Amino acid sequence: MSENAITVQQTARPRGFPTTRDFAFVESAVPDPAAGTALVRNLYWSVDPYHREMMDDVPGGFALHTPLEGRTLGRVVASRTPGLTEGEIVFHRQGWRTHSVIRPEEIRRLPRFDGVPLTAYLSVLGGTGLTAYVGLTRIARLREGDDLFVSAAAGGVGTATGRFARLLGAGRIVGSAGSAAKADHLTREVDYDAAFDYHDGPAAELLAAPDGIDVFVDNVGGEQLAAAVGALREFGRIVRIGTISRYNTPDAPPPHFNYSDIVEKSLRMEGFLVSNYRELQDELYEFAVPHLQSGRLALDQTVVDGFEHIVDAFLGMLHGRNTGKIIVRHHA
């Protein structure tokens, strides 16, 4: 065990893209667990797009100069509660730190499935995968043969959405990404039928769906949302997951689209928070684990080694430098 515990704290509210100057690594003694708690040595950390929203002065956001929160996996190394056993690996939300003191009700035990690596619990079996699964099955109510457009398709939620949609029997799947290399990766590796770099021109022209789409899974907003409204067929559905286009450019103009399309084509747009669907966790396991074990479902992950790189990993994700879910791993 390391001699000191390290936490990451936010020191300023960014305007636009955050920088390393907005964070501080703070060292302290490794905490002793009080009665009823256990000390967890964290092993894997998730950094997610929603953390950018949490950096702003919003209800429920990150407080300045206190340890940040995030999804993480860790090993119990000292326990003062019968509810947690030394040596077991648990999921909890006191991330962005090397050590966490946890009560039993703050953890989720991980079922261990043959051939499924721990990192899957922070990607396709974690909040990322649950977001994609809820978006497709509960919000879009995906039907076999539906044609999809997914924005930010090379990210964690985007890759999971594409793979899950294929397993659920979707028709044509088109994605947008932030570079030609990512667009190529989507078609070569993630089973997208077509993909484009949204920097290459107007999204409405780049969207390769001449016959229209049935579902738009939107992680971005902005111009791509407007393009999707135009491309949706009658009774099309828009699943709103995030608005990456505005997180770091809050003054960007809102998208302009034909609002009458919503009525004339009987479109439905619905957003959701995955935290309201945690009861579907076991259903996600039942759906995804057999496909992981058979090899039909691959893990799309960028793994960064070393807790000291967690801020760089987060900022790199905001700038689109990852493919798939980005996970930070403790040095072995």
Side-chain angles (χ1 to χ4, degrees), residues 42-49 70-75 88-93 95 107-140 142 144 146 148 150 152-171 173 175 177 182 185-193 195 217 219 239 241 274 277-305 313 317 322-330 332:
N42 295 322
L43 302 172
Y44 296 95
W45 297 266
S46 174
V47 292
D48 296 286
R71 303 173 180 127
T72 187
L73 304 178
R75 178 177 285 110
E88 71 175 318
I89 292 176
V90 296
F91 170 95
H92 64 89
R93 295 177 183 278
I107 66 100
R108 189 173 81 231
R109 285 189 165 77
L110 303 177
R112 297 307 301 274
F113 301 104
D114 288 345
V116 175
L118 280 174
T119 53
Y121 294 97
L122 292 179
S123 58
V124 294
L125 299 182
T128 299
L130 191 59
T131 298
Y133 185 76
V134 169
L136 291 170
T137 65
R138 295 311 196 272
I139 311 301
L142 189 75
E144 198 165 337
D146 277 347
L148 269 75
V150 183
V157 171
T159 50
T161 296
R163 292 195 187 275
F164 286 0
R166 183 67 70 210
L167 293 168
L168 290 164
I173 307 176
K182 284 187 175 184
H185 175 80
L186 287 171
T187 54
R188 279 188 304 104
E189 303 292 339
V190 195
D191 212 11
Y192 272 75
D193 294 291
V217 179
N219 297 286
V239 180
I241 289 173
V274 72
Y277 290 86
R278 290 198 184 126
E279 77 279 1
L280 296 181
Q281 185 67 53
D282 286 342
E283 185 179 319
L284 173 63
Y285 289 152
E286 290 168 18
F287 167 72
V289 168
H291 293 306
L292 281 171
Q293 292 172 324
S294 73
R296 284 193 71 199
L297 176 60
L299 293 176
D300 299 284
Q301 299 176 160
T302 297
V303 178
V304 174
D305 269 313
M317 177 202 61
N322 61 297
T323 300
K325 179 73 187 76
I326 190 158
I327 294 170
V328 180
R329 176 171 57 193
H330 171 61

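Owing to the predicted nature of the structure, the values given are computational and were not obtained by experimental measurement.
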Any side-chain heavy atom of [X] within less than 4.5 Å of one from [Y]?
X      : Y      : answer
Leu148 : Leu136 : yes
Leu292 : Leu125 : yes
Arg108 : Arg278 : no
Leu122 : Phe91  : yes
Leu186 : Val150 : no
Asn219 : Pro49  : no
Phe164 : Leu284 : yes
His185 : Val190 : yes

As an exercise, state the distance from [atom1] of [X] to [atom2] of [Y], rounded to the nearest 0.5 Å.
X      : Y      : atom1 : atom2 : answer
Leu299 : Arg163 : CG    : CZ    : 8.5 Å
Tyr192 : Ile173 : OH    : CD1   : 6.5 Å
Leu43  : Ile327 : CG    : CD1   : 12.5 Å
Leu118 : Leu110 : CG    : CG    : 7.0 Å
Ile139 : Tyr277 : CD1   : OH    : 3.5 Å

For [Y], is there any backbone N or O sitting under 3.5 Å from a side-chain donor or acceptor partner on [X]?
X      : Y      : result
Thr159 : Gly155 : yes
Asp146 : Ala170 : no
Gln293 : Asp114 : yes
Arg166 : Asp191 : yes
Thr72  : His92  : no

How close do [X] and [Y] get, counting heavy atoms only, and between which atoms?
X      : Y      : value
Val274 : Gly127 : CG2-O, 4.2 Å
Val124 : Ala160 : CG1-CB, 4.4 Å
Val328 : Ala313 : CG2-CB, 3.8 Å
Gly135 : Val239 : O-CG2, 3.6 Å
Ala177 : Ala154 : CB-CB, 4.2 Å

Establish, yes or no, whether a centroid distance under 6.0 Å links the rings of Phe287 and Tyr133. yes
Run the ring-centre check on Phe113 versus Tyr285 and record whether the distance is less than 6.0 Å. yes
Apply the side chain to side chain donor-acceptor pair (under 3.5 Å) test between Thr119 and each candidate in Arg329, Lys325, Gln301; give the one that qualifies. Gln301
Please test Glu189 against Thr323 for side chain to side chain contact (heavy atoms under 4.5 Å, CB included), starting from the C-alpha separation and ending with a verdict. CA-CA 11 Å; Glu189 303 292 339; Thr323 300; over 6 Å; no
Surrounding CD of Glu144 (heavy atoms of other residues, nucleotides or ligands, distance under 6.0 Å), is the total greater than 12? no
Can you tell me if Arg75 has over 12 outside heavy atoms packed within less than 6.0 Å of its CZ? no
